[in-house]
Amino acid sequence: MAFLVAQSGPTAGTKSQLTKQETLIGRHPDCDIVIEDSNVSRFHAKIVASEGRHLIVDLKSRNGTWLNGAPIGAPAFTEPQPHPLRHGDEIRVCGVTFLYMHEPAEAFGIGEESSHSSFQLADDVGAGSTILTKLEIGSSSAVLGASPEAKLAALLEINRALARALALDAVLPKVLESLFRIFVQADRGFIVLKEPNGELVPRWMHTRRARAGESARISRTIVRQVLQTKEAILSADAASDDRFDMSQSLADFRIRSLMCAPLLSSDGEALGVLQLDTLDQRKRFDQQDLEILAAVAAQAGIAIANAQLHEQILRQRTLERDLQLANQVQRSFLPGTLPEVPGYSFYHYYQAANQVGGDYFDYVPLSEDRLAIVLADVVGHGVAAALLMARLSAETRYCLATESDVGAALAKLNNRFLGPTPDRFITMVAAVLDPHQHLLQIAIAGHMPPLWKRHDGTILDAGEEVADVPIGVAPDIRYATAEIRLAPGDMLLFYTDGISEAMDPSDQCFGISRIRDFLNRSHSTVAQLGEGLIQEVRHFAGPNAQSDDMCIVCLRRQ
């Protein structure tokens with residue numbers, strides 16, 4: 001008989017029997033084992049029964065699946081690989097850890113020693129126990145009182161167990177296993193960790209004589225006191241406390257003595273607690289035991305902090321890979337080649353401030369050889385802006401294809417973007433080029449007008465008189481249009497505020513006036529114009545990192 005036993009999370013202690021050919025694990029209600037956590041994918045992983053054994057497969061989950069401290073997720077665009085499970089294997093799905101058990105049902109949970117019984121925090125367990133001794137972990141007394149032999153044995157044991165442990169779920173059981181070899185009188189050991197939001201989460205329990213289905217409780221009051229004071233404590237006879245005797249879950253565990261020590265990071269942050277208790281009144285813990293536990297807890301706290309940092313780095317790498325993929329997807333929404341229009345040449349440039357951005361441009365072929373040139377800027381940048389940009393790409397093409405007038409197309413686009421996110425809006429300039437008549441029809445929604453450098457050297461704001469509010473601000477806007485006729489040698493520059501608002505080291509903006517000054521110089525081709533402008537902006541910014549998405553589109557009549 002095979003089971004998955006939840007070791008952590010809100011369902012800690014729950015046993016799920018693996019009776020199906022495939023057991024799905026994930027956030028979706030249709031999964032066999034549901035984990036209500038936004039970090040868990042809808043269908044995160046599955047366990048497959050095959051020829052008398054079980055295999056686990058990661059279903060290309062967003063945050064990966066871990067087996068015995070190692071990731072098993074498949075790289076992007078490759079098929080997930082099954083991994084065989086053995087009795088006692090640990091499976092981690094985000095913040096929830098499972099133990100895989102494959103043995104006769106009557107033997108489940110029974111053993112000489114067990115690291116996998118469940119436990120929970122309670123407010124009425126041992127809270128009134130008399131505290132005999134307190135020990136500040138950060139003080140030198142944490143190691144001076146213990147005998148040299150005991151100190152050496154404890155530190156060597158914990159260092160040997162933790163030296164190569166990087167995964168958090170590999171650290172916790174090793175800490176308890178080491179302590180049980182040091183404290184031979186200990187009957188139970190617990191590790192409770194504190195989440196970033198302050199929630200206390202039972203993570204691991206170790207017992208000498210486990211009982212089937214055992215689920216213990218420990219005092220939340222003691223745990224909180226140790227976390228707040230950052231002092232290790234040694235309790236008196238907990239069984240003599242009236243509130244302790246009333247606890248039904250501890251009727252068979254009359255604790256005679258317990259020690260509880262904080263787990264601190266190298267900078268003194270309280271990460272959780274480590275608690276040991278004994279049932280034999282003839283083998284109570286003493287001051288020397290507390291000093292040894294304090295020294296061990298100091299080492300264990302650093303190891304746990306390192307493991308958490310390691311997991312954070314792995315999550316960051318996963319996020320970076322996801323963002324790289326998102327960048328590739330976003331790039332696919334943008335034109336890959338320049339349009340081919342007889343008598344005209346084009347140039348464009350796009351660079352997001354982060355791996356994904358909110359600037360957008362496109363060339364949309366229309367009927368009668370016309371070409372729409374669109375440039376837009378979604379407010380903000382990053383993932384949220386990139387998602388809105390992806391929608392904008394499809395909606396813009398639809399509106400331009402279904403409306404003959406560019407102003408009417410923007411009006412339709414505006415109404416389609418009104419919705420539940422009023423803080424999100426889009427500035428846009430759209431122009432439709434008729435290459436046969438050399439006419440350019442322009443509509444502007446809250447964006448800077450394109451700069452029109454005429455063949456005689458004058459520079460005008462094309463369509464400035466028809467500029468209106470951005471897309472997504474108000475309903476039923478009627479966007480007016482302006483029309484200009486392009487002469488041979490005329491150039492137009494469309495740009496976003498990542499160009500005009502680029503900052504130098506003294507926090508001065510590049511500004512539109514510098515763009516105009518640059519246009520006043522001689523540029524024989526649009527490529528020379530576009531590339532030169534980008535160089536000018538980067539030289540102006542100097543060592544400053546790019547703070548906003550940058551996008552330009554240039555066109556020139558030959």
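All of these numbers come straight from a predicted model, not from anything done at the bench.
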Can Q185 and D289 be counted as having a side-chain donor-acceptor contact under 3.5 angstrom?
yes
Would you check, one step at a time, whether the test side chain to side chain contact (heavy atoms under 4.5 Å, CB included) holds for D89 with L99?
CA-CA 6 Å; D89 278 352; L99 176 71; over 6 Å; no
For D359 and Y350 the tightest heavy-atom approach is O-CE1, 3.1 Å
State yes or no: are the ring centers of Y363 and H348 separated by less than 6.0 Å?
yes
Taken to the nearest 0.5 Å, the spacing of I47 CD1 from I56 CD1 works out to 5.0 Å
Pairwise distance CG(N63) to OG(S41) - rounded to 0.5 angstrom
6.5 Å
Nearest atoms (heavy-atom pairs only) where D58 meets H44:
OD1-O, 3.7 Å
If you take all heavy atoms of E231 and V226, which pair is closest and at what distance?
O-CG1, 3.5 Å
Looking at residues at least two apart in the chain, or sitting in another chain, which of them share a ring pair (Phe, Tyr, Trp, His ring centres under 6.0 Å) with Y349?
none
Distance alone, cut at 3.5 Å: any donor-acceptor contact between the side chains of T23 and K46?
no
Salt bridge R27-D37, side-chain N to carboxylate O under 4.0 Å
no
How far does CG of L276 sit from CZ of F190, to the nearest 0.5 angstrom?
9.0 Å
Could you state the interatomic distance from CZ (F3) to CD (Q17), rounded to the nearest 0.5 Å?
4.5 Å
Between T496 and the options L375, T427, D549, the side-chain contact (heavy atoms from CB on, under 4.5 Å) test singles out L375
Ring centres under 6.0 angstrom apart (H54, Y100):
yes
Could you tell me if the side chain of V273 sits less than 4.5 Å from the side chain of L200, heavy atoms only?
no
Got more than 12 heavy atoms from elsewhere within 6.0 Å of CZ, R391?
yes
